[in-house]
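Single-structure report; data block below.
Indexing begins at 1, ligand by ligand and atom by atom, following the structure's order. Start at 1 with the first residue, then count along the sequence.
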Amino acid sequence: MVKKISLLGATGSIGVQTLDVIRAHPTSFTLVAMSVGKNIDKALEYILEFKPLLVSVQEQHDAERLQREVPSEVKVLYGRKGLIEVASIDADVLVNAVLGSVGLEPTLAAIESGKQIALANKETLVTAGHIVMKKAKEKGVSILPVDSEHSAIFQCLNGESEKDISKLIITASGGSFRDRTRDQLNGVTVEEALNHPNWSMGAKITIDSATMMNKGLEVIEAHWLFDIPYDQIEVLLHKESIIHSMVEFTDTSVLAQLGLPDMRVPIQYALTYPTRLELPRAKRLNLLDIGTLNFGKADFERYRCLRFAYESGRQGGSMTTVLNAANEEAVSQFLNGKIEFLQIEVLIEEALQRHSFIKEPALEIIHEVDKETRQFVRSLIQI
Ligand code: NDP
Ligand code: MG
């Protein structure tokens, strides 16, 4: 059976690699719908190659232009409504690889329509994990991880029982500044921060790796995906990014998933689960070449964002919405050259401290908190 795939964020780092996987297996996958942001030239190229029925772009004027340039059977939509339509279309799987909390509503729409979700967009679970997981359970929808660490854990848990898990061990490369002390972070440039040692990814997640917020978001993501308390989730520095994560069981056994860093592996696994397919042009792991694997402690003072993530995760409710929104806004301002690298964590801390905790926020409250937090962070920067 050919699986029908709908893809959010087709022009991004994960989106492009998802298209690579689809392209490699034409008898297994077909693209029926996709969304892009502002990269209309790429969108046009992909429409001509993959012939989806439905495409959504971020802005109305881009949608109007694109509609004139594509074959008439392709429907072009835009904005929030467009993302929801792409998520709701008749497909077997939604790959959610859009960036940021804008991915929440389409995830909920995809669950509503009963389709399986391959989730890269971790912000969805950080901002509203309680709503997403509850709804997925009610609808009997599975959420399969695309994030490499969560895919590793998911693979290690295959055939295991939840009660036998003693802890999850999430590995972290340490990002662009892993060999610097805190003091050496003063005055680092955007260009230096974007230079990740192991992975080539979108700009926002590369900065999140440098601040270690990415690992913090992943701890929260793991909490929701695997229903594991924060006390049983550990972060371990591992600079080679060969062990993608591990699970320790009650009998002290530890299972790990290994491989060279290549996001197409977890993307493809989310699409083929519970089976596997060849991955064309992928390099195989040779441990003799690697020689040594290193591990280190993830220090909460050196990596304050990791501490914020654990603290807000443990508090739960609206705190993780604030964490995510403040981080999205601060990172975007850093990338725009408006603030220093170390200000990212200062702004997040201020947003968390000022917020009045709401226990089980409904969707409207999540949207409100997200918006207010971004405004608050912007007001601190005075732009
Ligand atoms: P990119 O920045 O490379 O791509 C983001 C995609 O989302 C692009 O297609 C972009 O469109 C689109 N987009 C951005 N903002 C909007 C918006 N407001 N409305 C509609 N579309 C929008 O990101 P990545 O691929 O790196 O990351 C995507 C998600 O996957 C993130 O949640 C990230 O944390 C997660 N992830 C990424 C990994 C990676 O290796 N890159 C690894 C694990 C998780 P356009 O470019 O056309 O403007
Ligand atoms: Mg990851």
Side-chain angles (χ1 to χ4, degrees), residues 7-20 34-47 55-60 62-63 66 77-87 95-107 117-127 144-154 170-175 194 196 198-209 211-222 225 235 238 241 243-245 257 261-267 270 324 327-329 331-332 335 370 374:
L7 170 62
L8 296 177
T11 41
S13 162
I14 293 288
V16 168
Q17 294 178 85
T18 305
L19 292 176
D20 206 27
M34 68 174 196
S35 84
V36 308
K38 296 184 174 166
N39 194 342
I40 305 307
D41 293 342
K42 270 278 170 236
L44 186 57
E45 196 183 309
Y46 295 149
I47 293 169
V55 176
S56 175
V57 302
Q58 204 168 328
E59 307 285 347
Q60 182 174 4
D62 283 332
L66 196 58
L77 301 173
Y78 65 90
R80 174 178 164 262
K81 194 163 165 283
L83 287 175
I84 293 176
E85 290 275 322
V86 170
V95 179
N96 187 346
V98 74
L99 182 70
S101 60
V102 69
L104 173 60
E105 277 189 304
T107 303
I117 298 170
L119 189 71
N121 176 259
K122 60 191 88 181
E123 293 91 348
T124 281
L125 286 180
V126 174
T127 201
L144 303 178
V146 167
D147 215 342
S148 56
E149 295 76 3
H150 305 74
S151 177
I153 292 168
F154 183 62
I170 301 183
T171 53
S173 70
L194 284 175
H196 195 288
N198 303 357
W199 300 91
S200 159
M201 310 182 284
K204 191 252 178 185
I205 185 175
T206 307
I207 303 303
D208 284 349
S209 300
T211 60
M212 204 54 110
M213 180 56 97
N214 183 48
K215 221 39 62 177
L217 301 179
E218 289 181 357
V219 166
I220 299 169
E221 185 186 7
L225 279 176
V235 172
H238 167 45
S241 297
I243 297 181
H244 297 307
S245 278
Q257 187 257 349
D262 182 344
M263 280 310 294
R264 292 176 310 152
V265 178
I267 293 170
N324 181 67
N327 182 56
E328 282 192 33
E329 189 60 42
V331 171
S332 152
L335 285 169
D370 181 284
R374 288 168 199 260

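Of all protein heavy atoms, the one closest to atom 26 (O) of ligand 1 is Gly202 N, 2.9 Å. Protein heavy atom at the shortest distance from atom 43 (C) of ligand 1 is Asp147 OD1, 3.1 Å. Regarding atom 34 (O) of ligand 1, its nearest protein heavy-atom neighbour is Lys122 CE, 3.3 Å. When hydrogens are left out, the protein atom nearest atom 39 (C) of ligand 1 is Ile14 CD1, 3.5 Å; that is the closest non-hydrogen contact. Looking at atom 9 (O) of ligand 1, its nearest protein heavy atom turns out to be Thr11 OG1, 2.7 Å. Scanning the protein heavy atoms around atom 7 (O) of ligand 1, the nearest turns out to be Leu99 N, 3.5 Å. Counting protein heavy atoms only, atom 28 (C) of ligand 1 is closest to Ala97 O, 3.4 Å. The nearest heavy-atom contact from the protein to atom 29 (C) of ligand 1 is Val98 O, 3.5 Å.
In this structure, the side chains of Glu123 and Leu99 come closer than 4.5 Å at one or more pairs of heavy atoms. Between Ser101 and Asn324, some side-chain heavy-atom pair lies under the 4.5 Å cut-off. Contact annotation: the side chain of Glu105 never approaches that of Thr107 to less than 4.5 Å [non-hydrogen atoms, C-beta and beyond]. Val95 has its side chain out of reach of Leu119: every pair of non-hydrogen atoms, C-beta onward, lies at least 4.5 Å apart. At a threshold of 4.5 Å between non-hydrogen side-chain atoms, the residues Ser151 and Gln257 do not count as touching.
Backbone and side-chain nitrogen or oxygen atoms of Ser148 are examined, and none is located within less than 3.5 angstrom of a nitrogen or oxygen of ligand 1. The shortest N or O to N or O distance between Gly100 and ligand 1 is not under 3.5 Å. Considering backbone and side-chain N/O of Ser13, one or more are found under 3.5 Å from N/O of ligand 1. At least one N or O atom of Gly37 sits closer than 3.5 Å to an N or O atom of ligand 1. The distance criterion of under 3.5 Å between nitrogen or oxygen atoms is met by Gly12 with respect to ligand 1.
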**OP:** Give the C-alpha distance, both sets of side-chain angles, the deciding distance and a yes or no for side-chain hydrogen bond (donor to acceptor under 3.5 Å, both in side chains) between Asn214 and Lys122.
**Re:** CA-CA 9 Å; Asn214 183 48; Lys122 60 191 88 181; 2.6 Å; yes
**OP:** Give the C-alpha distance, both sets of side-chain angles, the deciding distance and a yes or no for salt bridge (charged side-chain N to carboxylate O under 4.0 Å, His left out) between Asp20 and Arg264.
**Re:** CA-CA 8 Å; Asp20 206 27; Arg264 292 176 310 152; 3.4 Å; yes
Original post:
Passes side-chain hydrogen bond (donor to acceptor under 3.5 Å, both in side chains), Glu221 versus His150? Steps please.
Top reply: CA-CA 8 Å; Glu221 185 186 7; His150 305 74; 3.3 Å; yes
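Heavy-atom distances between Ser35 and ligand 1 stay at or above 4.0 Å for every pair. Using 4.0 Å as the threshold, Lys204 has no heavy atom nearer than that to any atom of ligand 1.
Within 6.0 Å of atom OH in Tyr78, 12 or fewer heavy atoms from other residues, nucleotides or ligands are found, so the atom counts as exposed in its surroundings.
In this structure, OG1 on Thr127 lies 10.0 Å from CD1 on Ile220, to the nearest 0.5 angstrom. Between Glu328 atom CD and Ile207 atom CD1 the span is 14.0 Å, to the nearest 0.5 Å.
The Mg ion (ligand 2) is closest to atom OD1 of Asp147 (considering only N, O or S atoms). Among the heteroatoms counted here (N, O or S) of Glu149, OE1 is the one nearest to the Mg ion (ligand 2). The minimum distance between the Mg ion (ligand 2) and any N, O or S atom of Glu218 involves atom OE2.
Contact annotation for Gln58 and ligand 1: only side-chain heavy atoms (C-beta onward) come within less than 4.0 Å of the ligand. Contact annotation: for Ala120 versus ligand 1, heavy atoms closer than 4.0 Å belong to both the backbone and the side chain. Only the side chain of Glu123 comes within contact range of ligand 1, with a heavy atom under 4.0 Å; no backbone atom does. The proximity of Ile205 to ligand 1, defined as any non-hydrogen pair under 4.0 Å, is limited to the side chain. With a 4.0 Å cut-off on non-hydrogen atoms, Met201 touches ligand 1 through its backbone as well as its side chain.
Per-residue contacts place Gly9 under 4.0 angstrom from the following atoms of ligand 1 (heavy atoms of the residue considered): 6 (C), 7 (O), 9 (O).
For the side chain to side chain donor-acceptor pair (under 3.5 Å) with Ser173, the qualifying choice from Lys215, His196, His238 is His196, the only one to do so.
A donor-acceptor distance shorter than 3.5 angstrom exists from the side chain of Thr18 to the backbone of Ile14, with no hydrogens or angles considered.
Here the shortest heavy-atom pairing between Ala63 and Val57 reads N-CG2, 3.4 Å.
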